[in-house]
2 protein chains.
Amino acid sequence: MPDLFIFAVAIHRASISDLAAQLNLSVSTVSRALSNHSRISDATKQRVWELARQLHYQPNHLAAALRKGRSNTLGLVIPHIDGQFFALVVKGIETVANQAGFNIMICQSNEKVAQERKNIAALLNAQVDGILVSLSLSTHDFQHLDEVRRRGIPLVFFDRIMESAQVSAVVLDDYQGGYDAVSHLLDQGCQRIAHLGGPQHLNICKNRFKGYTDALQSYNCPIDPALIHFSDLSMQDGRDGMGILLRQAPDLDGVFACNDLALVGAMQMVKQQGLRIPQDVALAGFSNELFDSLTEPMLTSVDQRCEEMGQTAVQMLLDMIAAGDQTLTPRHVVLQPTLLVRESSQRNPFA
Amino acid sequence: MPDLFIFAVAIHRASISDLAAQLNLSVSTVSRALSNHSRISDATKQRVWELARQLHYQPNHLAAALRKGRSNTLGLVIPHIDGQFFALVVKGIETVANQAGFNIMICQSNEKVAQERKNIAALLNAQVDGILVSLSLSTHDFQHLDEVRRRGIPLVFFDRIMESAQVSAVVLDDYQGGYDAVSHLLDQGCQRIAHLGGPQHLNICKNRFKGYTDALQSYNCPIDPALIHFSDLSMQDGRDGMGILLRQAPDLDGVFACNDLALVGAMQMVKQQGLRIPQDVALAGFSNELFDSLTEPMLTSVDQRCEEMGQTAVQMLLDMIAAGDQTLTPRHVVLQPTLLVRESSQRNPFA
DNA sequence: ATGAAAGCGCTAACAG
DNA sequence: CTGTTAGCGCTTTCAT
């Protein structure tokens with residue numbers, strides 16, 4: 001039954017031992033030839049490569065992974081993938097990782113610790129060689145992350161980090177970003193600058209807030225609790241928060257928001273109240289989202305060097321993996337932000 | 001040297017045979033107990049589970065995958081992850097896949113066939129159990145995808161598909177979406193509706209365009225080449241295209257764009273020319289991007305049921321995987337779009 | 001320069 | 001209900 005035979009041949013996935021059999025070589029020789037081992041004769045290598053090509057040989061990664069105890073896969077846990085920031089970070093990560101021959105497994109926590117825990121478990125289960133994490137809004141305890149380290153799996157945080165000095169991380173200088181944004185507002189003549197802040201257990205929100213207060217202080221501006229409102233920073237939160245702030249402090253003339261989603265909500269509320277931007281209220285945010293240039297007025301925002309952050313973080317992780325057991329001392333990389341001034345805060349075009 | 005011993009114990013990853021040894025059972029019994037096999041006594045199961053817990057036993061997925069010839073991982077290839085559409089599709093896919101115990105490996109082609117080919121190769125290499133693909137803009141030939149099917153790996157397309165009837169796919173009814181959008185513009189009194197179209201080898205662009213022409217015809221409107229402009233649909237393309245259209249046909253009074261990025265570019269150009277939206281030119285697009293509600297005016301757009309598309313696509317893939325060899329006839333699912341009317345096209349608020 | 005053999009950790013016949 | 005055995009496909013000593 002020749003038809004069936006052909007079918008069988010077509011469907012069969014060639015393995016190293018198949019090659020070995022057909023070439024009258026041992027599996028070890030073929031294996032070495034395929035990995036271009038130095039002590040295999042060029043002649044043999046050619047024969048092996050040729051047949052491998054002919055048979056469409058594809059290495060079984062799973063088997064190699066099992067044998068070597070390495071999957072060549074990295075895990076990535078992010079709060080969510082929509083929005084410019086994480087999308088770009090992911091791009092940076094993928095680029096570097098793929099170049100190094102690693103695949104990426106991406107998980108979204110949707111800002112929930114519970115989901116984050118499941119994500120971590122799934123990644124450990126999938127035997128990833130290392131994990132990159134940006135924490136969810138609701139992550140207060142870190143047992144699931146300690147577990148990762150307990151197992152000796154290299155771990156790198158980025159952006160939203162666990163602040164113990166014990167882990168490697170790459171972050172933006174959020175403090176500086178906040179400081180720059182608020183200084184800029186002050187330079188534009190703002191006297192009563194409000195802040196739409198995020199959860200203060202998150203390093204990024206805490207530091208941006210500190211940048212805000214410090215900038216005010218260095219300009220000898222008082223810090224007024226009536227000008228400060230904390231929330232989870234959704235667009236709706238921004239709108240509501242702005243409403244509250246305007247009621248508490250009708251004389252406010254500037255807003256620094258911890259992210260652009262909240263800022264755009266605030267913008268809507270400001271416009272709804274019939275106030276002019278930036279003349280009556282100047283606006284600055286954080287993240288440089290795509291929509292910042294699409295609103296009217298266009299929104300001033302702090303750029304976060306997303307792709308660079310991703311690239312730096314994987315590189316760190318790859319270094320840790322390469323270093324193996326010898327636990328390197330945790331490194332922290334801090335990237336410098338850039339303030340992008342747009343219409344929402346530019347009072348004097350010639351300033 | 002007790003210290004060293006303790007260290008060794010702490011670091012060792014317990015395996016099934018470790019459990020077996022400590023319990024005086026065979027590996028197979030332990031294996032069966034762990035997977036809650038029906039023919040293992042409850043007493044034994046309890047003993048096994050208890051010890052597994054104590055030793056923090058974690059199954060080695062890689063080994064199981066090798067043995068079973070299944071990695072429980074799915075591959076996903078998308079053009080890019082920024083923007084609302086793919087982000088939401090990914091969310092839908094992850095939800096369903098995780099529930100079914102599958103992990104996802106996400107790759108971005110960045111709209112380049114070359115990268116898409118690499119992505120596919122990487123996924124095959126990683127031994128995924130099935131692949132989901134949305135084609136890149138520049139994909140004209142499909143060898144890399146044929147290769148997937150040649151290897152018997154289940155394959156499902158979504159949104160941007162290969163139009164041979166031989167593959168399973170889930171798409172939006174783009175034709176209907178285009179038809180609805182243009183009908184709506186006509187209902188608003190537009191007589192000279194322009195189209196910013198995308199590459200016509202892509203099913204989505206072709207079908208949206210066809211929706212445009214058919215809607216015009218059914219309203220007895222002539223189809224004027226001067227009102228039609230094709231590009232790759234970036235924001236800049238939209239702006240430029242709009243400039244050209246306005247020069248070719250100064251009397252145009254409506255625009256249907258194949259995506260919202262191009263539409264927002266067009267909007268900027270229209271405003272720059274001092275024309276009013278929607279009174280002079282009414283605008284409608286496709287994708288329901290986040291920024292549609294942030295522009296002024298807010299943009300009318302066709303919603304694509306992103307999450308549903310993702311969920312449907314994985315479900316299909318999981319079915320194919322479950323079905324095994326017996327190649328099911330390829331299925332096509334077509335989701336119905338919804339037109340979201342906003343300010344950019346609403347001429348009479350009471351209409 | 002090549003081969004033999006062991007084994008990564010797990011599952012699944014095939015016995016009892 | 002439990003045990004024995006045989007691999008999945010690959011890498012890697014240790015020989016020669």
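Between the base of D:dT4 and the side chain of B:S28 there is a donor-acceptor pair shorter than 3.5 Å. A donor and an acceptor atom never sit less than 3.5 Å apart when one is taken from the side chain of A:R13 and the other from the base of D:dG9. No hydrogens or angles were tested; on distance alone, nothing pairs the side chain of B:R67 with the base of D:dG9 as donor and acceptor under 3.5 Å.
Of the side-chain N and O atoms in A:T44, none sit less than 4.0 angstrom from OP1 or OP2 of C:dA1. Put simply, B:S26 has a side-chain N or O that comes within less than 4.0 Å of OP1 or OP2 on D:dG3. Contact annotation: A:Y57 side-chain N/O to D:dG9 OP1/OP2 distance is not under 4.0 Å.
With D:dG9, C:dG3, C:dT11 as the choices, the nucleotide that has an atom nearest any side-chain atom of A:L25 turns out to be C:dG3. Which of C:dT11, D:dG9, C:dC14 sits closest to the side chain of B:R32 comes down to C:dC14. Nearest to the side-chain atoms of A:T29 among the listed nucleotides D:dT2, C:dT2, D:dG9 stands C:dT2.
Residue contacts shown for A:S41 are limited to sugar-phosphate atoms, with no base heavy atom under 4.0 Å away.
Going from atom CG of A:L62 over to atom P of C:dC10 covers 14 Å, rounded to whole Å. Rounded to whole Å, the distance from NE2 on A:H37 to P on C:dT2 is 11 Å.
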Task: salt bridge (charged side-chain N to carboxylate O under 4.0 Å, His left out) between B:R150 and B:E147, worked out - done: CA-CA 5 Å; B:R150 212 183 55 73; B:E147 169 72 9; 3.2 Å; yes
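At a cut-off of 3.5 Å, with distance as the only test, a side-chain donor of A:E50 or A:Q54 sits close to an acceptor on the other residue.
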